[in-house]
Amino acid sequence: MPGVVETTNTFATNDVITSTAMNNIIDQTLFTSDAIAAGNTTLALVSGKMKVGTITSNEMGTAAVTANALATDAVTTVKITDANVTTDKIADSNVTTAKILDANVTPAKLSQPLTRATAQNSTSGTSINFTSIPSWVKKISVMFSSVSTSGTSNLLIQIGSGSIVTTGYTSGASLVGATGVLSTSATNGFLITANDSAAYLKSGSVIIANLSGNTWVSSGTLGIPGGSFPSGGNLTLCGVLDQIRITTVNGTDTFDAGVINIIYE
């Protein structure tokens, strides 16, 4: 078996062992290449002397690398993959608004984003319905563009939890025009027009907002040539709002022009 050290001093038969010879053996002994096992990269041999070679993760204990052992500038974003950055590895106190770029905050990344529904043509039927409104919604904007109906029954908005509620509203609307102000009220929905006409093409928006619990209030204005319809109202539902309907007070006049859509947040 090859030796792993080279003493640099070989004794011959009958040589005298002296302290000087022994000291030289100790002082001048060098390691040979056989001192390092094949495939071992942890140790290296330089001129017969051992030095630390290449250390890989295989040679390091699980708890060997601690935060205190790393230099501050040794951890860079280039060395961290996206997959390694998880919410459980980031302290809440480390996530501040200053560290988040405005461009990185998009509606898609919010759990409760500002959402626009699909616009519906209000050209037929006695009502326009928007369903499956999420439970987290606290504000709904109902938008009207050149909307009209076949008769003179005033427009109103109804809301519901599981089903549309048609009673219990406190609401009123006015027609403000060149001839003065005409006002009326309704209990079967949030009234949004007064003294309406089949000829009126109404545009504008009405906001329905959550006051607290399941109580909702409405406020808005629709405009027509030469006038406007300011309105307001309130209703407390028995559950969480999940749908909204635009219809008329009599429920029989049909829509014949325009577009209606909602935005909720």
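One is the number of the first residue; the rest follow in order along the sequence. Keep in mind the model is a prediction, meaning the values are calculated, not measured.
Side-chain contact between I140 and I244: present, with at least one pair of heavy atoms (C-beta onward) separated by less than 4.5 Å. Within the 4.5 Å cutoff, the side chain of L237 has heavy atoms near those of the V165 side chain. Side-chain contact between V240 and S135: present, with at least one pair of heavy atoms (C-beta onward) separated by less than 4.5 Å. Counting only heavy atoms from C-beta outward, the side chains of F229 and K202 approach each other to under 4.5 Å. Taking 4.5 Å as the limit, every side-chain heavy atom of I164 sits out of range of all side-chain heavy atoms of I159. Under the 4.5 Å side-chain criterion, counting only non-hydrogen atoms from C-beta, V181 is in contact with S183. Proximity of E265 to T115: side-chain heavy atoms (C-beta onward) are nowhere separated by under 4.5 Å. Looking at I207 and K139, their side chains come closer than 4.5 Å, going by heavy atoms from C-beta outward.
Atom OG1 of T215 is separated from atom CG of L235 by 8.0 Å, given to the nearest 0.5 angstrom. Taking CD1 of I192 as the start and OG1 of T221 as the end, the distance is 11.0 Å to the nearest 0.5 Å. Once rounded to the nearest 0.5 Å, the distance linking OG1 of T179 with CG of L182 reads 5.5 Å. Taking CD from Q243 and CD from Q158, the interatomic distance works out to 10.5 Å, rounded to the nearest 0.5 Å. Between F255 atom CZ and T123 atom OG1 the span is 10.5 Å, to the nearest 0.5 Å. To the nearest 0.5 Å, atom CZ of residue R116 and atom CD1 of residue I262 are 12.0 Å apart.
Put simply, the side chain of S171 gets close to the backbone of G189: a donor and an acceptor are under 3.5 Å apart. A distance-only check finds a donor-acceptor pair linking the side chain of T247 to the backbone of T126 [under 3.5 Å]. At distances below 3.5 Å, not a single donor-acceptor pair connects side-chain atoms of S127 with backbone N or O atoms of R245. Distance alone, capped at 3.5 Å, places no donor-acceptor pair between the S205 side chain and the V142 backbone. When atom types are taken as modelled, the side chain of T193 and the backbone of L155 share a donor-acceptor pair closer than 3.5 angstrom. In terms of modelled atom types and a separation under 3.5 Å, the side chain of S161 and the main chain of L241 share no donor-acceptor contact. In terms of modelled atom types and a separation under 3.5 Å, the side chain of S153 and the main chain of N250 share a donor-acceptor contact. Using a distance-only test at 3.5 Å, with no hydrogens or angles considered, a donor-acceptor pair links the side chain of N154 to the main chain of D196. Of the possible donor and acceptor atoms, none in the side chain of S148 sits under 3.5 Å from a partner among the backbone N and O of D256. At distances below 3.5 Å, not a single donor-acceptor pair connects side-chain atoms of S174 with backbone N or O atoms of V176.
A continuous path of ILVMFWY side-chain contacts below 4.5 Å connects Y264 to V206, so both sit in one hydrophobic cluster. Both I208 and Y169 are assigned to one and the same hydrophobic cluster, defined by single-linkage of ILVMFWY side chains at heavy-atom distances under 4.5 Å. In this structure, W136 is not a member of the same hydrophobic cluster as L211, with clusters built from ILVMFWY side-chain heavy atoms closer than 4.5 Å. Cluster annotation: F144 is not connected to L191 through the hydrophobic network of ILVMFWY side chains, with a link wherever side-chain heavy atoms come within less than 4.5 Å. Follow the hydrophobic side-chain contacts under 4.5 Å out from L156 and you never reach I133; the two are in separate clusters.
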Query raised in the report: When you look at F130 and N261, which way does the side chain to side chain contact (heavy atoms under 4.5 Å, CB included) test go after all the steps?
Result: CA-CA 9 Å; F130 294 90; N261 201 0; 3.8 Å; yes
Requested in this report: Evaluate side chain to side chain contact (heavy atoms under 4.5 Å, CB included) for S150 paired with D253, printing each intermediate quantity in order.
Outcome: CA-CA 6 Å; S150 60; D253 285 0; 4.0 Å; yes
Requested in this report: Given side chain to side chain contact (heavy atoms under 4.5 Å, CB included), test N195 with T152 step by step and report yes or no.
Outcome: CA-CA 7 Å; N195 199 42; T152 59; over 6 Å; no
Query - side chain to side chain contact (heavy atoms under 4.5 Å, CB included) between I263 and M143, intermediate numbers included - result: CA-CA 8 Å; I263 291 178; M143 301 165 291; 3.5 Å; yes
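Between S122 and V147, the shortest heavy-atom contact is OG-CG2, 3.6 Å.
For N104, the CG atom sits in a packed shell: over 12 heavy atoms of surrounding residues, nucleotides or ligands are nearer than 6.0 Å.
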